[in-house]
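All remarks here apply to the structure that follows.
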Amino acid sequence: MPTLPVDDASSVTTPHPTVDVTTHVPVAIVGAGPAGLMLAHRLARAGVDSVAIDLRTRHEIETTQRAGILEADAARDLVETGVSDRILRDGHEHEGTDLRFDGRSHRIDFKALVGESVWLYPQTDVFIDLADARERDNGRVHFGVTAPEVLDTETTTPRLRFTADDGTRHEVRARFVVGADGSRSVCRDLVPAQHRTQYFREYPFAWFGILAQAPRSAPELVYAQSPDGFALISQRTDTVQRMYFQCDPDEATDAWPDERIWETLQARVAGGDGFTLAEGPVLEKTVLRFRSFVQDPMRWGSLVLAGDAAHTVPPTGARGLNLALHDVKVLADVLVRALGPEGDPALDDYQPQALRRVWRAQNFSWWMTQLLHTAPGATDFDLRRQVGELDNVVGTRAGRTYLAEQYTGWPTRGGDLT
Ligand code: PHB
């Protein structure tokens with residue numbers, strides 16, 4: 001089979017009976033969620049062509065509820081790199097958040113403490129903006145593919161094979177393959193077991209997430225701790241809200257009629273200040289298990305991992321999407337350099353920059369999770385200690401500043417963490 005040079009981007013041939021279309025691009029991307037698509041977008045801006053594939057259809061991705069908080073830098077990047085400015089119209093800038101315990105809310109004023117804010121803009125909207133931008137820019141994205149194969153990642157001529165949704169069989173020949181295939185990544189296992197470490201932590205609880213048709217109950221997010229467990233009050237639109245409460249990982253959504261859901265949520269936020277939630281029909285229910293995960297290394301041969309494929313965090317600290325977007329910001333630069341005169345050594349800069357932030361985020365997500373959740377079997381001492389810790393966080397300037405700095409995404413100097 002003739003092999004075209006890898007820099008012969010965009011050429012299309014039909015060289016093999018089991019392959020209908022062969023495409024040559026510098027970068028093949030497995031996973032067309034926000035990480036994969038933002039990488040493709042950034043590469044395209046630098047003149048580097050790519051093909052991205054995903055097992056899920058565009059509709060499936062668009063209708064899967066995910067977390068909703070973006071760091072100000074990530075929000076700015078969506079606008080400034082030309083993805084879309086819809087976030088400025090449909091997103092909501094939050095200058096603080098509420099921590100609620102002992103029946104009272106305590107506002108952490110991000111703006112006053114660290115001069116930063118975050119944006120409430122659901123991941124599904126980030127995805128829609130990115131998918132639209134790829135379409136607008138004639139980017140090559142295949143949703144709903146089947147039979148994907150990632151081949152030869154230990155060589156300098158890795159390949160991707162898949163069947164497109166129209167039944168055509170594709171082969172993509174690339175110089176690099178990026179595994180941005182999410183928390184159930186298959187790409188991560190292409191790093192040989194003897195050469196990788198998978199750091200892993202499972203939690204003894206999950207989140208029961210709902211979408212409800214109701215007006216907003218609060219102007220900003222409310223993270224609530226109660227002896228019965230955690231609750232998070234988030235928002236989506238004027239008429240649809242997103243809320244979560246701590247539950248058992250094996251909880252069945254069918255066992256939760258609307259009344260039981262509202263009773264549980266109301267009890268978790270109840271307090272002397274009379275705060276109550278505006279109720280309405282529950283439109284969607286899901287149980288979200290959560291875990292902490294990091295794979296080291298994030299690169300092997302011609303394969304590089306980005307986003308949830310390389311690291312997963314519990315959703316409590318709202319770090320997941322932000323970490324993924326940070327990974328691909330660093331990775332796009334590094335790949336452009338690696339494809340130029342600098343060659344492969346440029347890739348060595350990726351993991352140290354990405355992983356430092358990942359471990360900070362792992363710590364913060366774990367910390368915020370243990371701060372706000374009730375561990376099964378928690379004693380009275382454990383519960384009182386936890387309230388003591390919360391009181392330390394909201395009642396001291398150092399505590400409030402710590403939370404504000406971590407939640408808004410850490411101060412940087414020239415792009416690097418300080
Ligand atoms: C959400 O709005 O879905 C959301 C917000 C903050 C989190 C997690 C989820 O920490």
Side-chain angles (χ1 to χ4, degrees), residues 33-34 61-72 74-75 87 90-100 105 107-108 110 116-128 183 203 205-225 229-247 261 265 268-269 277 282-292 308 312-325 360-373 393 403-409:
I61 306 178
E62 273 176 16
T63 50
T64 305
Q65 290 298 319
R66 302 292 296 269
I69 292 287
L70 275 187
E71 289 168 12
I87 189 170
D90 295 350
H92 295 270
E93 188 176 10
H94 286 186
E95 295 188 351
T97 197
D98 271 1
L99 281 195
R100 189 167 171 83
S105 285
R107 184 162 187 269
I108 308 292
F110 302 148
E116 276 295 351
S117 60
V118 293
W119 285 75
L120 180 64
Y121 192 62
Q123 182 165 327
T124 42
D125 286 295
V126 175
F127 168 78
I128 289 166
S183 57
Y203 294 80
F205 35 73
W207 280 7
F208 196 108
I210 64 158
L211 267 189
Q213 196 168 349
R216 284 189 177 78
S217 294
E220 294 171 339
L221 269 57
V222 180
Y223 286 88
Q225 182 268 359
F230 169 76
L232 170 60
I233 311 309
S234 183
Q235 299 95 21
R236 285 296 177 264
T237 65
D238 289 343
T239 53
V240 175
Q241 311 309 322
R242 181 79 169 148
M243 300 180 200
Y244 305 89
F245 59 88
Q246 179 186 340
C247 69
I261 289 173
L265 278 166
R268 299 221 179 153
V269 301
L277 302 171
V282 174
L283 308 172
E284 205 185 295
K285 318 178 234 189
T286 4
V287 172
L288 301 145
R289 286 166 169 259
F290 52 95
R291 42 158 36 190
S292 300
D308 277 8
T312 310
V313 289
T316 325
R319 299 289 76 213
L321 176 57
N322 293 294
L323 278 184
L325 293 175
R360 279 196 181 191
Q362 287 293 356
N363 176 65
F364 176 61
S365 306
W366 165 87
W367 175 78
M368 198 145 156
T369 299
Q370 62 83 38
L371 179 71
L372 292 162
H373 291 70
V393 172
L403 184 92
E405 270 191 340
Q406 306 276 314
Y407 195 91
T408 58

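For ligands, and for the atoms within them, numbers begin at 1 and follow the listed sequence.
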Closest non-hydrogen contact found for Arg268 with Ala224 is O-CB, 4.0 Å
Salt bridge (charged side-chain N to carboxylate O under 4.0 Å, His left out) filter on Asp98, not counting sequence neighbours, yields none
The side-chain contact (heavy atoms from CB on, under 4.5 Å) partners of Ala404 (sequence neighbours excluded) come to Ile108, Phe110, Leu113, Val114
Under 30°, 30 to 60°, or over 60°: which ring-plane class applies to His373 and Phe290, parallel, tilted or perpendicular? perpendicular
With sequence neighbours left out, the residues meeting side chain to side chain donor-acceptor pair (under 3.5 Å) with His94 are none
Only one of Gln235, Arg236, Arg216 passes side-chain hydrogen bond (donor to acceptor under 3.5 Å, both in side chains) with His92, and that residue is Arg216
Put together the list of close N/O pairs, under 3.5 Å, between ligand 1 and the protein, could you?
residue: ligand 1; atom: 2 (O); partner: Ser234; partner atom: OG; Å: 2.6
residue: ligand 1; atom: 2 (O); partner: Arg236; partner atom: NH1; Å: 2.9
residue: ligand 1; atom: 2 (O); partner: Arg236; partner atom: NH2; Å: 3.4
residue: ligand 1; atom: 3 (O); partner: Arg236; partner atom: NH2; Å: 2.8
residue: ligand 1; atom: 3 (O); partner: Tyr244; partner atom: OH; Å: 2.5
residue: ligand 1; atom: 10 (O); partner: Tyr223; partner atom: OH; Å: 2.7
residue: ligand 1; atom: 10 (O); partner: Pro315; partner atom: O; Å: 2.8
residue: ligand 1; atom: 10 (O); partner: Thr316; partner atom: O; Å: 3.2

